Enquirer: 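I'd like to ask some things about the structure below.
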Amino acid sequence: MSGPESGAGFRDVLGRFASGVTVVTSVDGDGRPAGLACQSFASLSLDPPLVMFCVARTSTSWPRIAATGRFAVNVLAEDQREVCRAFAVSGADKFAGVGWTVSPHGTAHLDGALAAIDCAIEDVHEAGDHLIVVGAVRELHDRRDHGPLLYFRGGYAAGAFH
């Protein structure tokens with residue numbers, strides 16, 4: 001056993017919780033997209049419909065998304081590992097080679113995603129070295145019927161769901 005102050009121990013134990021993988025995106029007024037890979041995403045409330053995700057304070061993409069006041073959560077399919085890797089890199093052109101369209105809400109919807117959830121930024125809370133972003137859901141898009149991309153113990157995983 002190790003205490004929560006051990007970063008490696010904390011990461012190892014919490015890494016045993018499988019999570020879905022998403023890409024959070026938006027498009028600025030000049031038509032430039034911004035996005036970041038995110039595994040800390042969850043539904044928050046049914047009434048009103050709210051979702052949340054967590055982003056590192058050090059993210060260089062988040063300020064660009066935040067400035068738009070809106071975002072889309074793109075839920076990745078198990079065959080989109082390379083898409084996730086592209087959006088997990090800092091400083092690169094994350095959209096190079098990734099197909100996407102601008103939604104009616106001014107966000108970027110990634111081709112091949114299982115779903116896209118368009119949101120307006122409702123609130124942002126500081127929490128340690130991360131921010132908790134709450135989004136008011138504006139529109140839901142059920143895009144594709146396929147297995148999800150999962151993150152488990154520091155790597156990608158896929159499962160059979162019936």
Side-chain angles (χ1 to χ4, degrees), residues 11 15 18-45 48-152 154-158:
R11 186 173 288 128
S19 63
V21 181
T22 66
V23 172
V24 176
T25 61
S26 196
V27 179
D28 69 18
D30 294 326
R32 293 180 306 220
L36 57 95
C38 178
Q39 72 183 65
S40 298
F41 165 76
S43 61
L44 182 60
S45 170
L50 301 172
V51 297
M52 57 148 286
F53 70 91
C54 300
V55 60
R57 289 177 186 250
T58 57
S59 170
T60 56
S61 297
W62 169 244
R64 294 183 56 217
I65 295 169
T68 70
R70 62 189 176 268
F71 63 89
V73 178
N74 295 269
V75 180
L76 297 187
E78 64 186 339
D79 60 358
Q80 291 186 294
R81 291 180 185 194
E82 291 306 315
V83 172
C84 180
R85 286 187 187 106
F87 282 89
V89 176
S90 182
D93 178 1
K94 298 178 182 189
F95 286 83
V98 176
W100 62 281
T101 57
V102 178
S103 80
H105 296 278
T107 64
H109 288 187
L110 303 182
D111 293 352
L114 298 179
I117 304 156
D118 278 305
C119 302
I121 296 173
E122 180 82 9
D123 210 349
V124 179
H125 303 274
E126 296 182 2
D129 59 1
H130 277 64
L131 300 170
I132 301 169
V133 180
V134 177
V137 176
R138 298 294 181 236
E139 192 167 0
L140 302 166
H141 307 270
D142 186 1
R143 299 261 184 220
R144 181 176 172 208
D145 201 14
H146 197 77
L149 181 60
L150 302 175
Y151 195 73
F152 179 71
Y156 298 107

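Everything numeric in this text was worked out from a predicted model, so none of it was measured.
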Enquirer: Quick check: closest heavy atoms across Arg64 and Pro33, and the distance to 0.1 Å?
Expert: NH2-O, 3.1 Å
Enquirer: With sequence neighbours excluded, tell me which residues meet side chain to side chain contact (heavy atoms under 4.5 Å, CB included) with Pro104.
Expert: none
Enquirer: State which residue, out of Leu131, Ile132, Asp129, fulfils the side chain to side chain contact (heavy atoms under 4.5 Å, CB included) condition with Cys54.
Expert: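 Among the candidates, only Ile132 passes.
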Enquirer: Is there a side-chain contact between Trp100 and Val23 in this structure, where contact means two heavy atoms from C-beta onward sitting under 4.5 Å apart?
Expert: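 Trp100 does not reach Val23 side chain to side chain.
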Enquirer: Please examine the side chains of Val27 and Thr68, heavy atoms only from C-beta on, and report whether any two atoms are closer than 4.5 Å.
Expert: no
Enquirer: Take Tyr156 and Arg85, measure what side-chain contact (heavy atoms from CB on, under 4.5 Å) needs, and give me the verdict at the end.
Expert: CA-CA 11 Å; Tyr156 298 107; Arg85 286 187 187 106; 3.7 Å; yes
Enquirer: Could you tell me which residues satisfy side-chain hydrogen bond (donor to acceptor under 3.5 Å, both in side chains) with Glu139, sequence neighbours excluded, listed by chain and number?
Expert: His105
Enquirer: Considering only distance and modelled atom types, tabulate donor-acceptor pairs under 3.5 Å from the side chains of residues 110-120, sequence neighbours left out.
Expert:
from	atom 1	to	atom 2	distance (Å)
Asp118	OD1	Ser103	OG	3.4
Asp118	OD1	Thr107	OG1	2.4
Asp118	OD1	His109	NE2	3.3
Asp118	OD2	His109	NE2	2.9
Asp118	OD2	His141	NE2	2.9

Enquirer: With sequence neighbours left out, write down each residue that passes side chain to side chain contact (heavy atoms under 4.5 Å, CB included) with Ser45, or none if nothing qualifies.
Expert: Pro48, Leu50
Enquirer: For Arg144, which residues count as a salt bridge (Lys or Arg N to Asp or Glu O under 4.0 Å) partner, sequence neighbours excluded?
Expert: Asp79
Enquirer: Can you list the residues that meet the side chain to side chain contact (heavy atoms under 4.5 Å, CB included) rule with Asp93, with sequence neighbours excluded?
Expert: Phe95, Ala96
Enquirer: When you compare the side chain of Leu44 with that of Val134, does any pair of heavy atoms fall below 4.5 Å?
Expert: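 Side chain of Val134 against side chain of Leu44, heavy atoms only: contact under 4.5 Å found.
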Enquirer: Is it the case that the side chain of Arg57 and the backbone of Gly128 share a donor-acceptor pair, with hydrogens and angles ignored and the cut-off at 3.5 Å?
Expert: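 Looks like yes, one N/O pair under 3.5 Å.
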Enquirer: With sequence neighbours excluded, what pairs up with Thr22 under the side-chain hydrogen bond (donor to acceptor under 3.5 Å, both in side chains) test?
Expert: none
Enquirer: Output every pair passing ring pair (Phe, Tyr, Trp, His ring centres under 6.0 Å) with a member in residues 48-69, not counting sequence neighbours, ordered by first then second residue.
Expert: Phe53-Trp62, Phe53-Phe71
Enquirer: Listed by chain and number, what are the side-chain hydrogen bond (donor to acceptor under 3.5 Å, both in side chains) partners of His130, not counting sequence neighbours?
Expert: none
Enquirer: For Arg32, enumerate each residue passing the salt bridge (Lys or Arg N to Asp or Glu O under 4.0 Å) test, keeping only those at least two apart in sequence or located in another chain.
Expert: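 Expected list: Asp28, Asp30.
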Enquirer: Can you list the residues that meet the salt bridge (Lys or Arg N to Asp or Glu O under 4.0 Å) rule with Arg143, with sequence neighbours excluded?
Expert: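 Salt bridge (Lys or Arg N to Asp or Glu O under 4.0 Å) check on Arg143 returns nothing, list empty.
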Enquirer: Run the side chain to side chain contact (heavy atoms under 4.5 Å, CB included) test against Ser61 and tell me which residues pass, sequence neighbours left out.
Expert: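 Partners of Ser61 by the side chain to side chain contact (heavy atoms under 4.5 Å, CB included) criterion, ordered by chain and then number, come out as Leu36, Ser59, Lys94.
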Enquirer: So, for Glu78 and Pro148, which heavy atoms are closest and what is the spacing to 0.1 Å?
Expert: CB-O, 3.4 Å
Enquirer: Which heavy atom of Leu149 sits nearest to which heavy atom of Cys84, and what is that distance?
Expert: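 Looking at all heavy atoms of both residues, the closest pair is CD2-CB, 4.0 Å.
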